[in-house]
There are 2 protein chains.
Amino acid sequence: MNPKLLRGSLDTIIIKLLNDNGEMYGYEISQKVKEITGDAIKITEGALYPSLHKLEGKGVLSVETRSIGNRYRKYYSITTRGKSELATMLDDMKTYMESMQLLINPKLA
Amino acid sequence: MNPKLLRGSLDTIIIKLLNDNGEMYGYEISQKVKEITGDAIKITEGALYPSLHKLEGKGVLSVETRSIGNRYRKYYSITTRGKSELATMLDDMKTYMESMQLLINPKLA
DNA sequence: AGTATTTACATAAGAATCTTAGGTATAGCA
DNA sequence: TGCTATACCTAAGATTCTTATGTAAATACT
C-alpha cells in the first residue's frame, strides 16, 4: 500500500487499538495491524515507537514496563484523556473518508 | 477537518478531478473541492500550486496558459501517463480506506 | 552446539508533504 | 475609493513519515 496515505492516521490507529483491546505493547500493535489489514498496512518501528512516546508525553497513553523473563515489554493503555481525544479523531477520520468518497467515487447523482 | 489526514491524498484528488472534469485551473480546483465536500476539505494554495507544478514536472499533467482579458489562467489536463497513474492511486486509496474501516469500525464479526 | 530468525525495544538522518505567511496583480462591487 | 474575490506564486518551518542502524533476549532450525 502507498505509505503516503497513512500519513496522519497512525496515532488514530494506535489509540483505537488500545481502546478496543486494552493494554498492548508496541510490537504487538504492529503485528495486530498487519493481521487485521491482511498485510495491507505495515507500521514501521521507526514510526511506531516515536509515536508511542509522543502520545505518552501528551497524556493520551500511559505506560507500564514489565519484566518477561530476562526481557521487558512496555505496555501501553489509553487514558481518560485519550478516550476523549479518540472520539474526535474518529469523527475526523469519518469526515475525511466521506469527503474522499464524494471526491473519488463515480457520480452517484 | 484535521488537515493531517489529508497528507498524501492531495495528488489523488487533483488528478481525479481533472480526469472527471476535463481541464481546470488551480483556483477552480480548490473551489471545486470545497463545493463537493461541503467545506470539509479546503486545499490551501501553498499546497496546491507546488503540487500542480510537481505533477506537471512528472508528466502526469499538462498545462496551457490562456489569457482572460488582462489576466491569465493556467489550465491543467491529465495526460495519458496521468490516467494510468490515477488507476493505481485510486486502488491504493481504496485499499487504505478498507483497511481503515477494518481497524476503526466496531467489530463486524 | 551453533546459527538464523523472531521478538522487542530504541534513535537519527533525511525525504515528503503539508501550514503559515507572505507577495503580486486584475476584476467586481458598494 | 476601498474591500473582497479571483488567480497566480514562493519560502520558512512543522510534522510525520522511511530508511538505516543498534542492542539484546527468545526461539527455531540444523
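In this text, all values refer to a predicted model and were calculated from it rather than measured experimentally. Quick note on labels: first sequence line is chain A, next is B, and so on, each numbered from 1.
Across C:dA27, D:dA7, C:dT20, the shortest atom-to-atom separation from the side chain of B:T44 is found for C:dT20. Looking at the side chain of A:R73, the nearest of the listed nucleotides D:dT6, D:dC9, C:dC9 is C:dC9. Closest to the B:A47 side chain, of the nucleotides C:dC18, D:dT10, D:dT18, is C:dC18. When each of C:dA27, D:dT18, C:dT17 is scored by its nearest atom to the side-chain atoms of B:R71, the top-ranked nucleotide is C:dA27.
Side-chain heavy atoms closer than 4.5 Å link hydrophobic residues (I, L, V, M, F, W, Y) into clusters, and following such links, possibly through other members, connects A:Y27 to A:I68.
Regarding B:K32, its NZ atom lies at a distance of 14 Å from the P atom of D:dA7, rounded to whole Å. Distance CD (A:E56) to C1' (C:dC9): 14 Å, rounded to an integer number of Å. Remark: P of D:dT6 and OH of B:Y75 are 14 Å apart, rounded to the nearest angstrom. If you measure from atom CD1 of A:I29 to atom C1' of C:dA8, you get 12 Å, rounded to the nearest angstrom. The separation between B:K74 atom NZ and D:dA7 atom P is 15 Å, rounded to whole Å. In this structure, B:Y27 places its OH atom 14 Å from C1' of C:dA25, rounding to the nearest Å. Distance, B:L10 CG to D:dT15 P: 20 Å, rounded to whole Å. One can place OH of A:Y25 at 12 Å from C1' of C:dC9, the figure rounded to the nearest angstrom.
Nucleic acid contact class of B:S9 (heavy atoms, under 4.0 Å, all strands): sugar-phosphate only. In this structure, B:E45 reaches the bases: a heavy-atom distance under 4.0 Å links it to at least one base atom across the strands shown. Here A:S67 lies out of heavy-atom contact (under 4.0 Å) with every strand.
The pair B:E64-B:R66 meets the salt-bridge criterion, with a side-chain N (NZ, NE, NH1 or NH2) lying under 4.0 Å from an Asp/Glu carboxylate O.
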Please walk me through it: do B:Y75 and B:V63 pass side-chain contact (heavy atoms from CB on, under 4.5 Å)?
CA-CA 6 Å; B:Y75 284 87; B:V63 195; over 6 Å; no
Would A:Y96 and B:S9 count as a side-chain hydrogen bond (donor to acceptor under 3.5 Å, both in side chains) if you check the C-alpha gap in whole Å, the side-chain angles of each, and the deciding distance to 0.1 Å?
CA-CA 11 Å; A:Y96 168 72; B:S9 37; 2.9 Å; yes
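The shortest distance between the side-chain N/O atoms of A:H53 and the OP1/OP2 oxygens of C:dT11 is below 4.0 Å. The phosphate of C:dT17 (OP1 or OP2) has a side-chain N or O of B:K54 nearer than 4.0 angstrom.
Few gaps surround NZ on A:K54; more than 12 heavy atoms of other groups in view lie less than 6.0 Å from it.
Nearer to the 5' terminus of DNA chain D, by closest-nucleotide assignment, is the contact made by B:R7 (compared with the other of B:R7 and A:K42).
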